[in-house]
Amino acid sequence: MRYKRLPRTFFDRPTVTVAQELLGKTLVFQNHRGRITETEAYIGQDDPACHAARGLTPRTKPMFGPPGFSYIYFIYGMYFCLNIVTEEQGFPAAVLIRGLLHEDGTHYNGPGKLCRALGLTKEQNEIDMITSKELYVLDTPAWTDFDATPRIGIKQGLDKYWRFVVRKEVLQPQKNSVKSLS
DNA sequence: TCAACGATCGTCT
DNA sequence: GACGATCGTTGAT
């Protein structure tokens, strides 16, 4: 089975919808690939936790651009975080990729660890993930069994339940079947 | 120019 | 649970 890459229309939708439906999709960067297990939505200038809340700056410029582009920023002096821009050009919003189940079996929890493992840096900021040959998302089956919680590591916007994480049973589907054999 | 802070993580208590 | 590492971005001077 050969999976197609997600088209721009996938990202040109409400950010919460995109964040939820990205769970289970396959992120590809160079020789790495893994399925997305955890996302967060950051939506517009009315969301106080969104980097774009205080307007357009050099850093947040990608968020104001077309959907389907990467937005990678440097944080805490040592980590990068990967986002994918959503919604129409001019409306600043993006989905933060927080968790990835690598095809080698490693589950990366946390945006900083994920980017470090894959080698994602500012070099990959503002890449068009619809046309790029090194950074894109494949349309593998979605995981629809997930929880919604407040976002992590922020001090404002905690009333919004815009973090989406697949339930851990999804990540160990073989456990029940093993038990039923005995 | 300057100082405070941050969508994190590992280590220590 | 608390804290330090480490530095680019930002808004204020």
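Convention: sequence-line order gives letters A, B, ...; per-chain numbering from 1.
In this structure the side chain of F29(A) never reaches within 4.5 angstrom of the side chain of L27(A), judged on heavy atoms.
Put simply, K122(A) has no side-chain N or O that comes within less than 4.0 Å of OP1 or OP2 on dC7(C). One finds a side-chain N or O of T57(A) lying less than 4.0 angstrom from the OP1 or OP2 phosphate oxygen of dT10(C).
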Table please: side-chain donor-acceptor pairs of residues 42-56 of chain A below 3.5 Å, with sequence neighbours left out.
unit_1, atom_1, unit_2, atom_2, d
Y42(A), OH, E40(A), OE1, 2.7
D47(A), OD1, A49(A), N, 3.1
D47(A), OD1, R151(A), NH2, 3.1
D47(A), OD2, I43(A), N, 3.1
D47(A), OD2, R151(A), NH1, 2.7
H51(A), ND1, Y71(A), OH, 2.8

Quick one: side chains of residues 114-123 of chain A, donor-acceptor pairs under 3.5 Å with protein atoms, not counting sequence neighbours, listed by atom name and distance.
unit_1, atom_1, unit_2, atom_2, d
T121(A), OG1, E123(A), N, 3.1

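Cation-pi geometry between R13(A) and F10(A) is satisfied (NZ or CZ under 6.0 Å from the ring centre, within 45° of the ring normal).
Using modelled atom types, one finds a donor on one side chain and an acceptor on the other under 3.5 Å when comparing T106(A) with D104(A).
If you check dA7(B) for Watson-Crick or wobble pairing at under 3.5 angstrom, you find it has no partner at all.
When hydrophobic clusters are built by joining Ile, Leu, Val, Met, Phe, Trp and Tyr residues whose side-chain heavy atoms come closer than 4.5 Å, directly or via intermediates, L100(A) is grouped together with L6(A).
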**Asked** What is the per-nucleotide protein-contact pattern of nucleotides 3-10 of chain B, from the 5' end, where B denotes a base atom under 4.0 Å from a protein heavy atom, S denotes such proximity for sugar-phosphate atoms only, and - denotes neither?
**Response** ---BBBSS
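The separation of dG4(C) from dA4(B), taken at their P atoms, amounts to 16 Å, rounded to a whole angstrom.
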